[in-house]
Structures are given as structure tokens and as C-alpha cells.
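Structure record follows, encoded as C-alpha cells.
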Amino acid sequence: TTHVSVLAEDGMAVSVTSTINHIFGSRIFSPKTGILLNNELADFCGKTDQIHAGEQPPSSMSPVILYSPSQKHIVVIGASGGSMITTGVALTLMNFLWFGKTLQDSISAPVVFVDSKNVLNFEPLFDKIVLESLYKIGHKVKVPQMFYNVVNAVSKENNCIVAVSDSRKNGKAAGY
Amino acid sequence: MARRKEKVCLCISIPIICIIIIIIICATHFNEECADGLYKKAAVAADSETCSKIGRDILQLGGSAVDGAIATLLCTSIINPQSMGIGGGSIFTIREQSGKVRVINARETVPKAFKTDLLAMCPTTTQPMEGAHWIGVPGDIRGYERAHKLYGRLPWASLFEPTIKMAREGVPIPYVLSRFLPLLLKEKPESSLRQLFQNEQGELLKEGEIVRFEKLADTLEIIAKHGADALYVGDIAKELVSDIQNAGGTISLEDLRSFRASEFGAWEVTLGEYDMYFPPPPAGGATLSFILNTMLGFILSSASLEGDEKVLTFQRYVETCKFANGLKKFMKDPQFSSQTEAVEIIQKHFADKVRAKISPDRTYDASYYNITPYLDSHG
């Protein structure tokens with residue numbers, strides 16, 4: 001999956017998420033057209049008992065735009081990373097809008113992802129004291145090495161634009 | 001008489017002075033310099049610098065935000081081909097200058113003929129799921145077409161040019177792609193996907209080595225010249241369907257012909273001073289808005305990350321996520337199931353109800369959060 005956030009000079013904003021689902025999708029490559037095909041129907045697994053022709057599978061994709069009329073502040077944001085999309089965007093927005101971090105710090109802050117078994121997955125470098133405290137409370141915890149949450153966002157406030165692509169995927173934003 | 005003249009003079013000069021002051025204030029305000037690393041006019045944030053720059057260049061050429069996004073996505077299909085491409089689907093959220101927010105949904109769909117026992121083939125653990133039976137009808141190019149028809153400013157073909165050029169000339173394998181290429185060693189040596197990423201000696205390409213996407217460049221060139229129909233009803237459609245069916249898939253020409261990108265107003269919630277706009281199910285924005293709505297009620301500030309407060313804040317957050325996991329079952333295609341629950345979970349009163357169930361110092365069994373088992377997606 002990939003996410004693109006765009007803010008144009010005229011104020012129009014686009015937040016778009018695009019995917020072929022898993023890494024290399026279905027791994028079916030059409031040699032005549034050069035197109036690599038998705039495996040999106042896998043997203044129905046474990047989420048329904050029945051599927052129908054024409055139905056779209058459930059998704060975590062969240063291409064979001066926020067606007068504050070009072071502060072004239074716009075945030076164009078989204079993420080890739082399957083189920084970790086929600087974690088990535090939620091924690092970035094909490095860090096940025098409520099905890100007072102910069103957009104860069106909000107995106108790069110280590111996350112905790114609560115998986116479908118309700119196990120807390122801590123990104124390496126997450127605050128150890130918090131991790132241990134939550135473990136003592138009774139949460140199941142683990143520290144996997146691979147994290148897929150990749151947030152790309154653009155924010156405009158006071159006539160200046162900040163654009164950040166997540167370093168987890170070696171991204172870099174551009175503007176003028 | 002002189003006093004009258006003075007009064008007239010004042011009446012004329014005061015408004016003029018006021019206007020001049022307003023102009024000076026506005027000019028100063030708009031010419032304010034931005035700090036290093038910030039931009040004054042426009043920006044693009046994508047997964048690679050190469051593609052962010054392509055999007056930026058399109059904006060500088062006078063393209064709209066939609067033009068920039070489409071060019072950036074096309075570029076990403078060759079810089080990060082493991083992640084996305086025109087064989088997939090996309091969802092756009094677009095905010096017009098007027099403030100109106102529209103969603104364009106071009107997510108893949110189940111083909112007309114599909115394996116009736118498909119779901120019985122689902123694994124019980126999270127793992128790669130290969131094979132033609134998992135392919136959904138690709139929607140990406142129909143989504144780009146719809147977005148461009150509504151908001152495009154530059155010609156359709158011009159959005160494809162940078163990517164076609166790079167695909168033909170070849171691009172150095174980026175670090176991120178190089179990390180995933182070893183996964184292709186599982187494929188047979190004659191697999192066309194593996195061949196795309198190997199050299200003449202049959203070795204997988206490494207970071208920095210050049211990969212060319214010549215067939216894809218041909219396909220993109222035809223779509224650029226003849227529009228999206230070339231992929232959905234033209235000769236490319238026939239070739240694509242033939243390749244999918246040779247691989248054991250069921251997607252037909254009729255599936256491609258009948259694919260439509262849908263378009264509607266975004267869902268909206270108020271989060272403090274912000275209005276948040278997102279696509280409705282089957283996308284995940286409703287779950288996200290539930291988490292933010294619930295957390296907002298805990299009255300958060302920078303102090304929430306200090307000392308013991310930090311543990312409490314994350315306790316509340318992970319408990320909210322557990323409830324959110326129980327709500328994911330409502331994120332379904334509205335054409336095939338009710339949206340009542342999804343509409344309910346984005347409401348403030350719903351977040352209030354859940355917040356009241358969150359303890360500051362304990363956690364519960366899965367049943368407390370009303371979770372039915374499901375698989376995490378690593379897409």
C-alpha cells in the first residue's frame with residue numbers, strides 16, 4: 001500500500017491511498033501488459049462468511065483531511081501498512097493536534113499497535129517505562145522487529161506548509 | 001467654508017489611509033517567510049523523494065492537486081511496485097477550494113465468477129496469500145480517470161509522461177524494494193515476475209541496479225493516449241484477462257467492462273476545533289474517528305505525555321484500540337450490508353459510552369470488547 005498527500009497552491013487538497021494489498025499482491029504478473037495484480041480478495045479472510053460478485057473487501061485505508069475553520073489549519077494525512085494504518089494515523093494526529101509535537105516528530109514517534117488478538121505490539125524504541133507499566137496492568141505485550149505503519153502528511157498553518165514522508169519507508173516529501 | 005473643506009478632506013483621506021494600511025498588512029502577511037524546510041505554496045508527501053518531486057513538478061506546471069496525486073501514484077507504481085500499481089485499487093478524499101469534500105472509491109471488487117469455496121482457502125495465520133483466485137477487479141485507472149475528469153487541469157497524457165520515461169529508461173532499485181526482492185526467490189525461475197527483477201545471469205537485482213518496465217511502459221503509453229477505456233474495454237483488457245485466466249484466475253472482460261469508480265460526499269466528524277473528513281466503509285476511517293473521538297474526551301494536552309500521565313494516556317489509548325478491534329466487523333461494503341452500526345460508531349455519544357467502560361488501571365478478556373476473531377492485514 002502507498003499513501004500520497006497533496007496540497008496545491010489554490011488550496012485544493014488530495015489524500016489518496018492505493019494498494020495491491022500484500023507485498024507484490026497476488027504475485028501474478030501479466031507478461032503481456034506488465035501489470036502486477038492485487039490479492040485484495042484476501043482481505044475478506046476472517047471478516048465474513050460470504051462474499052458477493054461486485055463487493056469491495058473491507059479495508060483499513062483512511063485517506064483523511066482535517067480542517068480547522070478557526071485556525072485556518074488544514075492537515076492532509078493517510079498511511080499504509082494494513083491493520084497498522086489506523087494506529088499510524090491515530091497516533092500521529094494525537095501527537096500533532098493534541099500533544100503539541102511537530103508533524104515530523106508526530107510521525108516518527110514509535111507506536112504501539114493493538115493486534116486482532118488484543119496483544120500490544122510495541123515498536124522498538126517505544127518508552128520502556130510505559131511498556132512495563134502496561135504489562136504490569138495485565139496487557140499481553142510483544143516487541144516485533146517489523147512495523148509497516150508508514151504515514152505521509154501535509155499541513156498548512158499560518159501560510160506555511162510542512163510536508164513529511166515517513167522515514168520508515170525512506171520517504172521524502174517535496175514542495176515549493 | 002474652510003472648515004467644510006477640511007471635513008471633506010478628512011472624510012476622503014481617512015478611508016484611503018485605512019485601505020493603504022490594510023494593503024500593507026495583507027502584503028506583509030502573505031510575503032511572510034517560512035522557516036527552513038517549510039514551503040510557501042504547495043507540497044506533496046509520497047513514499048519516495050523521486051515521486052514526491054514528480055508530483056511537485058506537476059503542481060508547478062499548473063496542475064491541480066488531483067493531477068499531482070495521479071502523477072505521483074503512477075510514479076510510485078515503478079518505484080515501489082511491491083506496494084501498489086495499476087493492477088490494484090485506490091480511494092481518494094478530495095477537498096475543493098470551496099471546502100466541499102468528495103470521495104472517489106476505486107477499490108477492487110469481487111469478479112462475477114469466483115471460487116465458491118474461496119474463503120475456505122483462507123489461512124489461519126497472517127501470511128502472504130498468492131494465486132490468481134485472490135485477484136479483485138482492478139480499479140486504479142478508473143479512479144484516476146474519474147478524479148481527473150472532475151478536477152484535472154493538465155492533459156491526462158501529461159500525467160503519465162514522467163513515469164513512462166522512467167519505466168523505459170529504467171530506475172535504480174530503491175533500498176525498500178531491494179529488501180523485498182528476496183521474497184521472489186520462492187517463485188519458479190521462469191516466473192515472469194521473478195524475471196522482471198533478475199539480470200541475464202538469473203540473479204536477483206540488488207539495490208542501485210537498474211530495472212526496466214518496458215511492457216508496463218507500453219501499457220501506460222496506450223492508456224495515456226487512449227484513456228482508461230484502453231485498459232477496461234480495449235486490447236489491453238483482452239491481454240490482461242488472457243494472462244489472468246492463464247494463471248488460473250476468473251476475471252473476465254465483462255468484469256473489467258462493468259467496473260465503475262463510485263463517487264460521494266465524505267463522512268465528517270467534529271474533533272474539537274477540527275472537522276475531519278474521511279471515506280465511509282468499506283474503508284477504515286470510521287474506526288479511526290471512533291478512536292480519536294474517544295481519546296478526545298479524556299481532555300489531552302502536552303501534559304498527557306509527562307510522568308505518570310503518560311502511562312495513563314497509553315492505557316486509555318490501548319483500551320480504546322481494543323474496543324476499536326471489536327468494531328472492525330462493521331467496516332463492510334455498504335452495497336451489501338447495512339451501514340447502521342458504522343454510522344453509530346462515529347457518534348460522540350457512542351464514544352462517551354465506550355469511554356465510561358475504560359478503566360485507568362486494568363484490562364479485560366476479549367469478550368468485554370465484543371471482539372469476534374479476525375486476521376490482521378499486512379497489506
Side-chain angles (χ1 to χ4, degrees), chain A residues 2 4-6 8-9 11-16 18 20-21 23-24 26-42 45-46 53 55-56 58 60-66 68 82-83 90 98 100 114 116 130 133 138 152 154 160-161 163 165 169 171-175, chain B residues 34 38-39 41-43 45-47 49 52-53 56 65 68-69 72 82-84 87-88 90 92-93 95 97 107-108 110 112 122 129-130 134-136 192-193 215-216 219 239 243 247 273-274 276-278 282-285 288 291 300 302 311 321 331 333 336 363 374-379:
Chain A
T2 195
V4 176
S5 293
V6 184
E9 262 185 74
M12 181 185 270
V14 174
S15 185
V16 54
S18 180
I20 53 170
N21 205 7
I23 300 293
F24 296 114
S26 63
R27 305 211 183 161
I28 303 295
F29 178 74
S30 155
K32 290 183 199 140
T33 65
I35 296 174
L36 177 57
L37 290 140
N38 68 84
N39 68 340
E40 217 62 61
L41 303 191
C45 283
E55 186 173 1
Q56 293 182 326
S60 294
M61 297 204 296
S62 306
V64 167
I65 297 176
L66 295 103
S68 163
S83 302
W98 302 334
V114 183
S116 57
V130 175
S133 303
N152 297 330
V154 177
C160 290
I161 299 170
S165 292
K169 205 170 174 179
K172 206 163 176 199
Chain B
C34 294
L38 304 189
Y39 307 109
K41 294 184 172 171
D47 275 347
E49 186 175 19
S52 294
K53 282 181 171 172
R56 176 205 61 191
T72 307
Q82 79 284 3
S83 298
M84 62 81 63
S90 51
F92 287 78
T93 303
R95 185 177 188 272
Q97 298 100 305
R107 183 157 170 78
E108 302 91 323
V110 177
K112 288 202 166 55
C122 290
M129 290 154 79
E130 302 151 24
W134 296 115
I135 303 173
S192 45
L193 178 59
K215 268 290 161 202
L216 183 64
T219 297
E239 291 178 331
D243 281 345
E273 291 177 337
Y274 290 84
M276 178 170 122
Y277 302 90
F278 53 93
L288 172 70
I291 293 174
L300 302 170
S302 51
V311 176
C321 289
M331 300 302 112
D333 186 340
F336 295 87
T363 188
Y374 70 94
L375 276 182
D376 285 312
S377 158
H378 282 192

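Every chain is numbered from 1, with letters handed out A, B, ... down the list of sequences.
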Most heavy-atom pairs under 4.5 angstrom with chain A, which of [options]?
| options | value |
| --- | --- |
| B:Thr363, B:Thr72, B:Leu288, B:Asp47 | B:Asp47 |
| B:Gly285, B:Ala69, B:Pro282 | B:Pro282 |
| B:Met276, B:Glu239, B:Glu108, B:Met331 | B:Glu108 |
| B:Tyr274, B:Phe92, B:Phe278 | B:Tyr274 |
| B:Thr219, B:Thr93, B:Ile291, B:Leu300 | B:Thr93 |

If I compare all heavy atoms of [X] with all of [Y], which pair ends up nearest, and what's the gap?
| X | Y | result |
| --- | --- | --- |
| B:Ala46 | A:Asn152 | C-ND2, 3.4 Å |
| A:Ala163 | B:Tyr39 | CB-CE1, 4.1 Å |
| B:Gly87 | A:Ile20 | C-CG2, 4.1 Å |
| A:Ser133 | B:Val311 | CB-CG1, 3.5 Å |
| A:Ser165 | B:Ser52 | OG-OG, 4.1 Å |
| A:Ala42 | B:Met129 | CB-CE, 3.4 Å |

Nearest 0.5 Å, please: how far is [atom2] in [Y] from [atom1] in [X]?
| X | Y | atom1 | atom2 | result |
| --- | --- | --- | --- | --- |
| A:Leu36 | B:Met84 | CG | CE | 11.0 Å |
| B:Glu130 | A:Ile23 | CD | CD1 | 12.0 Å |
| A:Ser18 | B:Arg107 | OG | CZ | 10.5 Å |

Specify which of [options] makes the most heavy-atom pairs with chain B at under 4.5 Å.
| options | result |
| --- | --- |
| A:Ala90, A:Gly100, A:Ala13 | A:Ala13 |
| A:Ile65, A:Val6, A:Leu66, A:Val130 | A:Ile65 |
| A:Gly171, A:Ser15, A:Ser60 | A:Ser15 |
| A:Ser62, A:Gly138, A:Pro63 | A:Pro63 |

Item checked: Structural part of B:Leu193 lying under 4.5 Å from a heavy atom of chain A -> both
Next item on the list: Only counting residues at least two apart or in another chain, list the ones meeting side chain to side chain donor-acceptor pair (under 3.5 Å) with A:Ser30.
Entry: A:Thr33, B:Asp243
Next item on the list: Can you tell which part of A:Ile28 gets under 4.5 Å to a heavy atom of chain B, answering side chain, backbone, both or neither?
Entry: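 A:Ile28 touches chain B through side-chain heavy atoms alone.
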Note to self: Donor-acceptor check, side chain of A:Asn38 to backbone of B:Gly88, threshold 3.5 angstrom: yes or no?
What the structure shows: no
Next item on the list: Answer yes or no: does atom NZ of A:Lys32 have more than 12 heavy-atom neighbours from other residues, nucleotides or ligands under 6.0 Å?
Entry: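 More than 12 heavy atoms, drawn from other residues, nucleotides or ligands, come within 6.0 Å of this atom.
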